[in-house]
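First the proteins, then the strands, lettered A, B, ... as listed; each starts at 1.
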Amino acid sequence: MEYNHREIEQRWQQYWRDHEIYKATEQPGRKKFYVLDMFPYPSGAGLHVGHPLGYIASDIYSRFKRQQGFNVLHPMGYDAYGLPAEQYAIQTGQHPEKTTIANIARYREQLDKIGFSFDWSREVRTCDPGYYRWTQWAFIQMFNSYFDLRENKAMPIAALVEHFSKEGTEGVEAACSRNLNFTAAEWNAMTEKEQADVLMNYRIAYQGETMVNWCEALGTVLANDEVSEGVSVRGGHPVEQKVMNQWCLRVSAYAPRLLDDLNTLQWSDSLKETQRNWIGRSEGAEMLFPVVGKDFDLEIFTTRADTAFGVTFMVLAPESKYVERLVTPEQKEAVDAYLAEVSHKTERERQIDKRVSGVFTGSYARNPISGKEIPIWVSDYVLAGYGTGAIMAVPAHDSRDYAFARHFDLPIVPLIEGADVSEESFDAKEGKMINSANDDLNLNGMEVKEAIAATKRYIEEKGIGRVKVNYRLRDAIFSRQRYWGEPFPVYYKDGVAHVMDESELPLMLPEVDAYLPTSTGEPPLGRAKNWKTAEGYPIELCTMPGFAGSSAYYLRYMDPHNDKALVSREADEYWRNVDLYVGGAEHATGHLIYSRFWNKFLYDLGEVVEPEPFKKLVNQGMIQGRSNFVYRIKDTNTFVSKGLKGDYDVTPIRVDISMVSNDVLDLERFKGWRPEFADAEFILEDGKYNCGYAVEKMSKSMFNVVNPDDIVDRYGADTLRLYEMFLGPIEQSKPWDTNGIDGANRFLKKLWGQFEKVDPADQTPMTKEELKTMHKLIKKVTGDIENFSFNTSVSAFMVALNELTAQKSTNAGAMEIFTRLIAPFAPHIAEEFWHRLGKEGSVVDAEWPEWDEANLKEDSVKYPVSFNGKTRFMLEVAADADKAAVEDAVLAAPEAAKWLDGKTPKKVIVVPGRIVNIVL
RNA sequence: GCGCACGUGGCGUAAUGGUAGCCGCGCCAGACUUAGGAUCUGGUGUCUCACGACGUGGGGGUUCGAGUCCCUUCGUGCGCACCA
């Protein structure tokens with residue numbers, strides 16, 4: 001009988017559904033394993049063959065763990081809120097929910113065909129009110145919390161209120177937007193609004209003034225990648241930098257813990273390094289520079305306190321609130337002009353444009369260490385969002401300050417012995433200090449590192465600064481002026497933001513008549529009728545960003561239908577956190593930071609038991625497309641095969657890869673593709689038209705999208721699964737190359753053929769050879785799966801089958817082991833074999849076999865014998881021979897005489913079972 | 001600029017410091033075929049008729065022995081990027 005993948009796969013998928021084989025339940029006392037894929041955004045284009053790569057890998061792993069006896073949780077769901085559905089809604093007027101649901105149905109259909117072991121009873125959708133009520137719930141908790149720096153955790157804001165009413169800010173150490181100081185009496189005298197403003201400064205979910213890319217025409221904030229050259233990518237409308245009141249999450253408060261706990265995770269070094277980079281810890285000092293003639297100080301952050309004697313000017317970010325207070329009447333016009341110029345640039349443009357620009361404020365500050373008066377400038381090379389938005393400039397030892405000093409002709413004072421600063425700055429943190437002494441601090445002669453430490457001590461003693469660790473990680477902007485997202489459970493009473501009561505959740509996304517901003521520039525929710533609380537207070541018009549719904553979804557899978565809690569204590573204590581998380585590395589500085597933050601916040605509240613959400617993480621590579629080309633001879637309708645195109649002047653034209661097989665063009669289909677090709681003529685090679693190819697992004701416009709449905713239809717899901725794994729290491733990006741898929745399919749057909757030769761009732765024990773082949777395979781595949789090396793395990797199956805074929809094996813026992821081992825990779829064919837072998841139940845629960853080293857032992861070992869490291873001949877020696885015996889056998893071997901050439905070896909190295917090397 | 005990966009046949013790749021190239025694709029030859037986008041068998045790093053020599057981006061080092069470890073250099077990819 002022939003291998004009929006269609007019939008087999010359909011039948012067993014039905015069997016799995018009918019028996020709810022993949023349904024997971026909490027079983028206290030039984031060891032659990034949680035395998036998670038990053039859930040997809042269901043786009044209108046459907047899945048292409050790149051999407052399932054990670055899903056196949058995680059599916060193999062979870063099936064493997066299940067066969068090893070673990071209680072496996074392997075869920076799937078949809079990240080259903082997103083911009084494409086909203087854009088489509090704006091264009092067509094169709095409700096984004098409608099298209100999203102249709103896309104989800106399509107995704108589900110495609111996923112089902114591949115035979116994944118997902119527990120669909122736990123599916124979550126971020127746009128489902130039963131799900132997003134918990135996103136809103138978490139937001140309320142964040143609103144009602146502040147971050148206590150002494151406890152290093154989130155605490156109830158009520159505790160802070162109590163503290164304020166008794167002691168004011170005295171003794172408060174909390175993460176905040178600005179440092180505040182007031183007494184209990186002052187607090188108690190504040191109005192409700194004033195108190196609310198103060199608390200907003202401490203809340204973990206807070207409203208704050210933030211610099212954003214604002215597009216007036218679209219009426220929304222845009223992300224940096226949605227803006228190019230000062231205009232919106234969509235529509236080309238002007239975009240400006242604008243300070244707006246936005247909801248934010250105080251992610252920055254968690255920076256130290258997000259950094260430290262990376263060490264507890266089994267993630268790739270590169271991913272951890274990316275996060276470390278993003279969090280950007282730097283040790284330094286904050287110093288106060290008194291402003292001449294004013295009663296306030298400028299605060300700066302520096303990692304090079306040692307260079308304080310070389311500060312010849314200071315620079316403020318254009319957005320710094322000090323600019324206004326420092327600009328003198330004479331300089332006002334120039335400063336205003338500069339600020340106007342800068343505000344028209346996006347942050348991105350400011351980063352790209354490296355030209356030096358800036359303006360003098362007219363004010364001076366006093367260097368607290370050298371006592372010198374120095375001018376204060378404004379320039380956009382100083383970032384408002386990092387440190388204090390102001391710097392002390394040391395042109396001799398910082399290349400940016402150097403460029404600025406050169407451009408505006410400011411003094412440059414070298415501080416390190418031997419540093420030549422006539423052409424460029426000396427940025428290295430090494431060398432001996434010079435020019436660095438005042439009455440009670442002398443750094444001269446010190447190494448840079450000593451000098452940094454000495455200066456830090458000095459400024460702390462003198463009260464002109466303090467040691468400070470700064471982080472680059474910024475708070476997350478949490479508002480979006482969009483429709484298709486979670487509504488904020490926030491209303492405004494007399495201009496003060498209040499969160500709703502948990503009992504009022506979910507706050508349902510209202511219907512609107514259009515998905516565009518209102519005529520007055522309000523977000524789309526401004527169109528909703530009666531968008532008010534029962535008491536008539538207006539509700540927040542922004543919605544939450546994409547990462548809101550994806551930040552805690554792994555928790556919801558543990559207990560997806562619970563309407564009392566995000567996750568019950570019991571379910572959370574059983575499943576705990578994700579043991580293996582598989583997904584793309586592009587989420588390194590987005591989702592994977594937010595999710596860790598969100599989890600830590602819930603951990604602080606005691607809502608979850610684990611401080612980290614994802615123990616082990618594997619990044620699967622991307623699958624690129626492989627486009628095909630035909631070559632038209634210029635000004636003709638004649639196409640020349642690739643190998644002959646050099647003889648003509650040709651134009652390459654992309655052709656749909658469905659018309660091409662193994663780079664050979666189907667001429668008839670090509671003629672039917674486009675009317676202009678109907679009477680095309682061809683110049684062939686060996687009767688074939690060979691196409692060219694290129695590796696590009698997989699996309700519709702390149703005609704190179706491969707739909708997994710087509711592969712499943714033609715070769716079967718098992719072939720697709722094996723082939724995607726066989727393509728190469730899972731973490732590597734690689735082009736999809738349909739040319740190789742026949743190999744995987746051929747293997748399954750051969751395996752099928754091999755099975756046909758087996759009599760399931762035959763009880764004959766395995767021969768020694770069969771035992772060796774199978775136990776070698778068990779060992780290899782077990783190790784490979786643990787190491788996520790699926791390409792090598794697929795190879796191992798091929799080797800084992802070749803060996804069994806060569807042994808003319810028809811042994812049912814060997815086939816049974818093969819079936820158990822290949823079940824995670826090719827579950828349909830394995831299920832078929834399992835039942836034909838007369839086994840009970842599903843192969844999904846077939847116990848994973850163990851190998852016995854005794855079966856791998858040989859009677860004799862073939863040693864490669866080397867002379868001075870170069871292998872000269874092979875010699876078979878009894879396996880139980882000890883080192884000395886092997887050495888004797890080798891030296892006595894007739895082949896050895898030729899290489900020994902009568903000499904006595906200086907040294908003979910015998911590595912048992914591996915090699916013999918003779919040094920002459 | 002900083003950080004992190006990675007450079008092996010025509011291609012995808014494999015190799016606990018121990019016979020480099022397993023497995024697959026492609027290609028070549030043969031078998032079976034009226035036919036084959038089918039199947040089976042054998043071959044396939046380079047040079048050489050052969051013996052053999054040379055081969056893991058280049059250069060150096062450690063080692064009895066290096067694709068693997070160290071230094072250096074070139075190249076490719078990714079991440080961050082005016083972060084004081």
> If I take atom CD in residue Glu731(A) and atom C1' in nucleotide G79(B), what distance separates them, rounded to the nearest angstrom?
15 Å

> In whole Å, what separates the P atom of G26(B) from that of G12(B)?
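My reading of the P atoms in G26(B) and G12(B) gives 15 Å.
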
> Once you apply a heavy-atom cut-off of 4.0 Å, does Asn277(A) come out as touching a base, just sugar-phosphate, or nothing?
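Base contact.
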
> Okay, side chain of Arg6(A), backbone of Asp713(A): is any donor-acceptor separation there less than 3.5 Å?
yes

> With P as the reference atom in both, quote the distance from G21(B) to U56(B) in angstrom, rounded to an integer.
14 Å

> If you measure from the C1' atom in C4(B) to the same atom in G59(B), how many Å do you get, rounded?
24 Å

> Using purine N1 to pyrimidine N3 plus N6-O4 or O6-N4 for Watson-Crick, or N1-O2 and O6-N3 for G-U wobble, each under 3.5 Å, what pairs with C54(B)?
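G45(B) - that is the nucleotide pairing with C54(B), both distances being under 3.5 Å.
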
> Can you tell me how far C1' in U48(B) sits from the matching atom in G42(B), rounded to whole Å?
23 Å

> Starting at CG of Leu271(A) and ending at P of A5(B), how long is that distance when rounded to a whole Å?
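Checked: the CG to P distance equals 13 Å.
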
> For the side chain of Ser795(A) and the backbone of Asn791(A), is there at least one donor-acceptor N/O pair under 3.5 Å apart?
yes

> Using the P atom on both, measure C82(B) against A15(B) and round to a whole Å.
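One P to the other, the span is 40 Å.
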
> Indicate yes or no for a side-chain donor-acceptor contact from Asn917(A) to the backbone of Gly869(A) under 3.5 Å, with no hydrogens or angles considered.
yes

> Would you say Thr773(A) and Gln807(A) are linked by a side-chain donor-acceptor pair, where the criterion is simply a distance under 3.5 Å?
yes

> Please confirm whether the backbone N or O of Ser866(A) pairs with a side-chain atom of Thr871(A), one donor and one acceptor, at under 3.5 Å?
no

> For Arg626(A), answer base if it contacts any base atom (sugar-phosphate contacts may also be present), sugar-phosphate if it contacts only those atoms, and nothing otherwise; contact means non-hydrogen atoms under 4.0 Å.
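Answer is nothing: Arg626(A) stays at 4.0 Å or more from every strand.
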
> Pull up the glycosidic torsion of G12(B) and say syn or anti, syn being anything within 90° of 0.
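G12(B): anti glycosidic orientation.
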
> Between C4(B), A84(B), A53(B), which nucleotide gets closest to the side-chain atoms of Ile391(A)?
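Side chain of Ile391(A) sits closest to A84(B).
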
> Should G17(B) form a Watson-Crick or G-U wobble pair with both distances under 3.5 Å, which nucleotide is its partner?
none

> Rounded to the nearest 0.5 Å, what's the gap from CD on Glu876(A) to OH on Tyr863(A)? Could you check?
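Glu876(A) CD to Tyr863(A) OH: 11.5 Å, rounded to 0.5 Å.
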
> Taking pairing as Watson-Crick or G-U wobble with both contacts under 3.5 Å, can you name the mate of A35(B), or confirm there isn't one?
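In the structure as shown, A35(B) has no Watson-Crick or wobble partner.
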
> Between Phe726(A) and Phe790(A), does the ring centre distance come in under 6.0 Å?
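Centroid separation for Phe726(A) and Phe790(A): 6.0 Å or greater.
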
> Can you tell me, in whole Å, how much space there is between the C1' of G60(B) and that of C11(B)?
32 Å

> Base, backbone or nothing for each nucleotide of nucleotides 11-23 of chain B, written B, S, -, heavy atoms under 4.0 angstrom, 5' to 3'?
-BSS-B-BB---B

> Answer with yes or no whether the side chains of Asp398(A) and Ser425(A) bring together a donor and an acceptor at under 3.5 Å.
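Side chains of Ser425(A) and Asp398(A): no pair found under 3.5 Å.
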
> Using the P atom in both, what is the distance from U63(B) to G45(B), to the nearest Å?
34 Å

> Taking for each residue the nucleotide of RNA chain B with the nearest heavy atom, is it Ser282(A) or Trp278(A) whose nucleotide lies nearer the 5' end?
Trp278(A)

> In whole angstroms, how far is the C1' atom of G1(B) from the CG atom of Asp398(A)?
12 Å

> With rounding to whole Å, what would you report as the distance between A14(B) and U8(B) at their C1' atoms?
10 Å

> Under a 3.5 Å cutoff, is there a donor and acceptor pairing between the side chains of Asp742(A) and Tyr715(A)?
yes

> Counting only Watson-Crick or G-U wobble pairs whose two distances fall under 3.5 Å, which nucleotide matches C4(B)?
G77(B)

> Using distance alone, with no hydrogens and no angle criterion, decide if Ser357(A) and Tyr338(A) have a side-chain donor and acceptor under 3.5 Å apart.
yes

> Just how far, in rounded Å, is P of C2(B) from CZ of Arg472(A)?
17 Å

> Whole Å only: how far is the NZ atom of Lys429(A) from the P atom of G1(B)?
19 Å

> Using only side-chain N and O atoms of Lys870(A), determine if any of them is under 4.0 Å from OP1 or OP2 of G52(B).
no

> Is a donor on one side and an acceptor on the other found under 3.5 Å between the side chain of Asn628(A) and the backbone of Asp656(A)?
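No.
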
> Output a table of nitrogen or oxygen pairs between the protein and nucleotides 36-39 of chain B separated by less than 3.5 Å.
residue: G37(B); atom: N2; partner: Ser661(A); partner atom: OG; Å: 3.4
residue: G37(B); atom: N2; partner: Arg714(A); partner atom: NH1; Å: 2.4
residue: G37(B); atom: N2; partner: Arg714(A); partner atom: NH2; Å: 2.1
residue: G37(B); atom: N3; partner: Arg714(A); partner atom: NH2; Å: 3.4

